[in-house]
Amino acid sequence: MANSKYEYVRSFEQHDILLSNTWIVVRIDGRGFSKLTAKYKFTKPNDERALNLMNAAAEAVMKELPDLVLAYGNSDEFSFVFHKDCVLFERRASKLTTTIVSTFTSYYTFLWPTYFPATQLTPPLPSFDGRAVCYPSDQNLRDYISWRQVDCHINNLYNTAFWTLVQQGGMEARAAERELSGTVSSDKNEILFSRFQINYNNEPEIFRKGSVLYRDFFPMEAQSSPPPQSTREPPVLSHPQPRRALTRPMSQPLERTIPGLLEDSPA
Ligand code: ATP
Ligand code: ATP
Ligand code: MG
Ligand code: MG
Ligand code: MG
Ligand code: MG
């Protein structure tokens, strides 16, 4: 009702328009997934079906939101990157975040039966929280992704050592925890190698590094003649014509590989 006597309540709304010309990252994280993974008996430390489900839900989100250029995920989290010149929802943080969270959650539950055909979801159903943060420079964005990937690496090394001690070493959880307290990365690598003949570096990359989805800006050119040198740069960080690319129909919308963006990240 425009101009009604109630209209004034709109002035109570908080402005949350994000700074122009900055990368917007929306990170979502599963709520209480420590419990959820136990409830549905996820394989520990890494249930590949669950990772593939996270990736499939993220891919669906990227297909529904063409302003997204990149997504990085591991464990129960995913970070979605909107292009610097994104104007979706006037860059309002709450609208961007809630749309991503609800779209992701819908697809996570919708696709669940594909990845867990033998296990029906029951309440409490999976849910995710989300937040939006602006990163002004390309280096800041790169460091953000590296930060999440370091987190993946540290957690995965710990979890791999912990669950190997429990599953193959027959240790109680408490004892395994004590064994690992105060250890650094090289100690955990050594425990895995000397006691269990596991070379951590041979663990699957999806466990050690996480997953990246990115929008392929030039699928047509790639098939015919090679693009000029500058367009071969990682699209998200140095794309020369983002607007054109974002509206272009895509033959292969999303790639599921790790582009150069993450090459000099740890492990
Ligand atoms: P919060 O609501 O605060 O996020 P949480 O229990 O979800 O609580 P996280 O720090 O997000 O806490 O941890 C996620 C948990 O889910 C970790 O224990 C992680 O090992 C587990 N997990 C996530 N994905 C998988 C997977 N694919 N396979 C096995 N375990 C997983
Ligand atoms: P936006 O994404 O900006 O919210 P929108 O299309 O959802 O776009 P709204 O202003 O939220 O726009 O309007 C919701 C639309 O859905 C209206 O056209 C409304 O009539 C229709 N709608 C919602 N609920 C019902 C319903 N139960 N039955 C029929 N139509 C409905
Ligand atoms: Mg959380
Ligand atoms: Mg969580
Ligand atoms: Mg988490
Ligand atoms: Mg609506």
Side-chain angles (χ1 to χ4, degrees), residues 27-63 70-80 100 103-122 124-128 145 148-169 171 173 176 180 185 188-189 191-193 196-214 252-259 261-263 265-267:
R27 181 169 75 257
I28 62 148
D29 185 281
R31 180 173 178 224
F33 265 45
S34 307
K35 262 193 175 170
L36 185 136
T37 55
K39 177 181 171 186
Y40 295 107
K41 303 188 171 55
F42 279 22
T43 309
K44 286 293 182 177
N46 289 292
D47 193 309
E48 228 169 322
R49 299 165 300 173
L51 293 175
N52 290 333
L53 172 56
M54 290 289 292
N55 289 347
E59 186 174 329
V61 168
M62 283 194 77
K63 283 179 176 164
L70 182 86
Y72 170 74
N74 73 81
S75 183
D76 68 340
E77 70 169 66
F78 241 99
S79 296
F80 293 92
I100 292 224
T103 307
F104 188 93
T105 307
S106 294
Y107 276 104
Y108 189 91
T109 52
F110 176 69
L111 294 169
W112 175 274
T114 307
Y115 294 88
F116 291 90
T119 320
Q120 215 192 330
L121 278 178
T122 53
L125 296 170
S127 60
F128 294 82
I145 303 283
R148 297 324 302 153
Q149 200 178 43
V150 170
D151 201 65
C152 171
H153 166 66
I154 305 266
N155 288 334
N156 191 60
L157 179 58
Y158 180 91
N159 290 340
T160 304
F162 174 86
W163 285 103
T164 303
L165 286 170
V166 171
Q167 291 163 349
Q168 296 186 39
M171 272 182 150
L180 292 175
S185 292
K188 295 184 189 77
N189 275 300
I191 289 172
L192 286 168
F193 193 71
F196 303 99
Q197 292 75 55
I198 293 171
N199 183 344
Y200 180 74
N201 289 327
N202 293 340
E203 290 291 296
E205 279 204 320
I206 189 175
F207 299 166
R208 290 186 292 120
K209 296 185 176 181
S211 301
V212 177
L213 300 169
Y214 66 94
Q252 296 171 289
L254 300 168
E255 298 280 333
R256 206 177 271 175
T257 56
I258 298 176
L261 178 67
L262 300 173
E263 258 162 29
S265 296

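Residues: numbered from 1 along the sequence shown.
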- Message: When you compare the side chain of Ile206 with that of Asn55, does any pair of heavy atoms fall below 4.5 Å?
- Response: yes
- Task: Could you check if a side-chain atom of Asn46 sits within less than 4.5 angstrom of a side-chain atom of Asn159, using non-hydrogen atoms only?
- Result: no
- Query: Does the side chain of Tyr115 reach to within under 4.5 Å of the side chain of Tyr108, using non-hydrogen atoms?
  - Reply: no
- Message: Measuring from atom CE of Met171 to atom CH2 of Trp163, what distance do you get when rounded to the nearest 0.5 angstrom?
- Response: 14.0 Å
- Determine the interplanar angle of the Phe104 and Phe80 rings, folded into 0 to 90°, and report it as parallel if under 30°, tilted if 30 to 60°, perpendicular if over 60°. perpendicular
- Query: Any donor and acceptor pair, going by atom type alone, linking the side chain of Trp112 with main-chain N or O of Thr119 inside 3.5 Å?
  - Reply: yes
- Message: Given 3.5 Å as the limit, does a donor-acceptor pair link the side chain of Gln167 with the main chain of Lys44, or not?
- Response: yes
- Item | Donor + acceptor pair across side chains of Lys39, Thr122 (<3.5 Å) | yes
- Message: Does any part of the side chain of Ser211, heavy atoms only, come nearer than 4.5 Å to the side chain of Leu51, both counted from C-beta?
- Response: no
- Item | Over all atoms of both residues, closest heavy-atom pair of Gln149 and Lys209 | NE2-O, 3.1 Å
- Note on the structure: Rounding to 0.5 Å, atoms CG (Leu192) and CG (Asn201) come to a distance of 10.5 Å
- So, do Phe42 and Phe116 have ring centers that fall under 6.0 Å from each other? yes
- Nearest heavy-atom contact between Gly210 and Cys152 is N-SG, 3.7 Å
- Minimum side-chain heavy-atom gap Lys188-Phe162 below 4.5 Å: no
- Task: Give the C-alpha distance, both sets of side-chain angles, the deciding distance and a yes or no for side chain to side chain contact (heavy atoms under 4.5 Å, CB included) between Leu180 and Ile191.
- Result: CA-CA 9 Å; Leu180 292 175; Ile191 289 172; 3.9 Å; yes
- Note on the structure: Result for side chain to side chain donor-acceptor pair (under 3.5 Å) between Tyr200 and one of Asn189, Thr160, Asn156 points to Asn156
- Is there a donor-acceptor pair under 3.5 Å between the side chain of Thr37 and the backbone N or O of Ser34? yes
- Item | Taking every non-hydrogen atom, the tightest pair across Asp47 and Lys41 | OD2-O, 4.3 Å
- Message: Show, in sequence, the C-alpha distance, side-chain angles and deciding distance for Phe207 and Glu48, and conclude whether the side chain to side chain contact (heavy atoms under 4.5 Å, CB included) test is met.
- Response: CA-CA 9 Å; Phe207 299 166; Glu48 228 169 322; 3.9 Å; yes
- Report the distance from atom CZ of Arg31 to atom CG of Asp76, rounding to the nearest 0.5 Å. 12.5 Å
- Task: Report yes or no: does Arg27 contribute a side-chain atom to a donor-acceptor pair with the main-chain N or O of Glu77 at less than 3.5 Å?
- Result: no
- Query: side chain to side chain contact (heavy atoms under 4.5 Å, CB included) between Val212 and Ile145: does it pass, once the steps are laid out?
  - Reply: CA-CA 10 Å; Val212 177; Ile145 303 283; 5.9 Å; no
- Item | Side chain proximity check, Thr109 to Leu121, heavy atoms < 4.5 angstrom | yes
- Note on the structure: Distance col, row Met54:CE vs Asn52:CG, nearest 0.5 angstrom, shows 11.5 Å
- CD1 on Ile154 to OG on Ser185, rounded to 0.5 Å: 5.0 Å
